[in-house]
**Q** 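Could you have a look at this structure, given as structure tokens, before my questions?
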Amino acid sequence: MTVTDPETPATGWVPEAKDEDADAEDMPLSLRLSIADTLTLGNATCGFMAVYFTTTGILIPHLTGSGESGMARHSAATAVILMLLAAVFDLFDGIVARKLRSSPMGAELDNLSDLISFGLAPAYFVLVYGMVADDAHQKMSALAAIVVLLAVVLRLARFSCVTMKDGMFQGMPSPFGALTVVSVVLLGLPFIPTLLAIIGVAWLMVSRVEYPKPRGVLAVAMLSWIVGAMGLLAAWAFDAPGGQLLLQTGCALQIALAATIPLFATTRRANTFRHNRREARAATR
């Protein structure tokens, strides 16, 4: 026996159809991806693919004894180019987020993507370097890789918790640190100097040294530098005349830049401290 509610129409209840726009409006804000978020996901994809090429083109051929130096060079160049491309995505997702909008999960996506591209990928690159290089020590390289990974984890966590003055980062930005780490590896120095330089870069990432954010002219300069670095890597990968020298020059410039910025920042902080002390003394007289 069927019982019918007297308030229910005889014809039965038929749900009203909703159009796609209404469904989009009903979607929680936390589940909507903005254009900036899409760029951030591109960053994460590049980092994962850098790990893929490092594994399939360098590590596996070395372990199986089937690798050629040319293939390893191509894979190493591809992995680093992908990290550079991840840095481009990271640069533009911030610009797009400021110009348009970012979803509520944009900051979390950015940190997770940076951890993959600028934490896991360069640390794994260091680890594989310790396994394939002739003069490298595998266990020490593994330790250096862990130091790099943990430095990026700590740096990103602190970035989420510490409020800095506008236009400045505290500690070397993780994209800049990742590119410096792989530059140290590609420069081809002896193992001990390479290891010390990698640990030094990791320390700079968790230091209190202030770095300017890439905006305006600085963003254009950074983008130009990344494009130039991609060209150097391509020349090296395809064994162009002078490609090895060009790559070493580019890596040396990257390392020199990483070492110079903290010196300028420290000098500026010392000058500011002296200036404040002089003003304080003058005020007490």
Side-chain angles (χ1 to χ4, degrees), residues 37-91 93 108-133 136-157 172-188 194-195 197-199 201-202 205 226 229-230 232-234 236-237 247 251 254:
D37 295 335
T38 305
L39 294 173
T40 304
L41 294 178
N43 170 6
T45 302
C46 289
F48 174 78
M49 293 306 296
V51 173
Y52 169 80
F53 278 101
T54 304
T55 303
T56 58
I58 303 175
L59 180 59
I60 292 178
H62 173 76
L63 295 177
T64 59
S66 60
E68 299 178 358
S69 59
M71 183 179 70
R73 187 168 60 245
H74 288 174
S75 298
T78 302
V80 179
I81 286 174
L82 284 166
M83 292 184 219
L84 289 165
L85 190 58
V88 174
F89 279 118
D90 186 61
L91 176 65
D93 69 2
E108 299 299 329
L109 284 176
D110 190 58
N111 275 350
L112 292 172
S113 298
D114 286 355
L115 179 59
I116 296 171
S117 298
F118 311 125
L120 176 63
Y124 187 70
F125 197 81
V126 171
L127 179 66
V128 173
Y129 155 75
M131 300 177 69
V132 304
H137 192 283
Q138 183 173 334
K139 292 183 179 179
M140 295 299 293
S141 298
L143 178 61
I146 292 172
V147 170
V148 170
L149 179 62
L150 293 182
V152 175
V153 170
L154 292 172
R155 199 234 171 278
L156 293 173
M172 179 183 287
S174 52
F176 193 77
L179 299 181
T180 305
V181 166
V182 297
S183 295
V184 170
V185 174
L186 293 175
L187 190 57
T194 298
L195 187 69
I198 289 172
I199 294 175
V201 175
M205 282 194 279
I226 290 174
M230 288 180 177
L232 295 178
L233 285 162
W236 173 66
L247 178 69
C251 290
Q254 174 72 28

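We use all heavy atoms of the structure for the numbers below, so side chains are in, but hydrogens, waters and symmetry mates are not.
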**Q** Minimum heavy-atom separation for Met172 to Thr180, with atom names?
**A**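 Where Met172 meets Thr180 most closely, the heavy atoms are SD-OG1, 4.4 Å.
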**Q** So which atom in Val132 and which in His62 form the shortest heavy-atom distance, rounded to 0.1 Å?
**A**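 Heavy atoms only, the tightest pair is CG1-CG, 3.6 Å.
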**Q** To the nearest 0.5 angstrom, please state how far the CG atom of Leu247 sits from the CG atom of Leu187.
**A**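 Here the interatomic distance stands at 8.5 Å.
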**Q** If you look at every heavy atom in Ile116 and Phe48, which pair is closest and at what distance?
**A**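 That closest heavy-atom pairing would be CG2-N, 3.8 Å.
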**Q** Please give me the minimum heavy-atom distance between Thr55 and Pro61, naming the atom from each residue.
**A**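 Closest approach of Thr55 to Pro61, heavy atoms only: O-CD, 4.1 Å.
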**Q** Would you say Ser117's side chain and Asn43's backbone share a donor-acceptor pair under 3.5 angstrom?
**A**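 Checked: pair present.
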**Q** Under 3.5 Å, side chain of Ser113 to main-chain N/O of Thr40, donor-acceptor pair present?
**A**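 Yes, because the side chain of Ser113 sits within donor-acceptor range (under 3.5 Å) of the backbone of Thr40.
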**Q** What heavy-atom pair brings Val148 and Ile198 nearest, and what distance separates the two atoms?
**A**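 Answer, listing the atom of Val148 first, then Ile198: CG2-CG2, 3.4 Å.
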**Q** Rounded to the nearest 0.5 Å, how far does CG of Leu112 lie from CG of Leu156?
**A**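 Here the rounded value is 9.0 Å.
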**Q** Would Leu195 and His137 count as a side chain to side chain contact (heavy atoms under 4.5 Å, CB included) if you check the C-alpha gap in whole Å, the side-chain angles of each, and the deciding distance to 0.1 Å?
**A** CA-CA 10 Å; Leu195 187 69; His137 192 283; over 6 Å; no
**Q** In Å and rounded to the nearest 0.5 Å, what is the CG to OG1 distance from Leu109 to Thr38?
**A**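 It comes to 9.5 Å.
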**Q** What are the two closest non-hydrogen atoms of Met205 and Arg155, and how far apart are they?
**A**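 Looks like O-CG, 2.9 Å.
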**Q** Return the CD to CG distance between Glu108 and Asp37, rounded to the nearest 0.5 Å.
**A**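 Glu108 atom CD to Asp37 atom CG measures 11.5 Å (nearest 0.5 Å).
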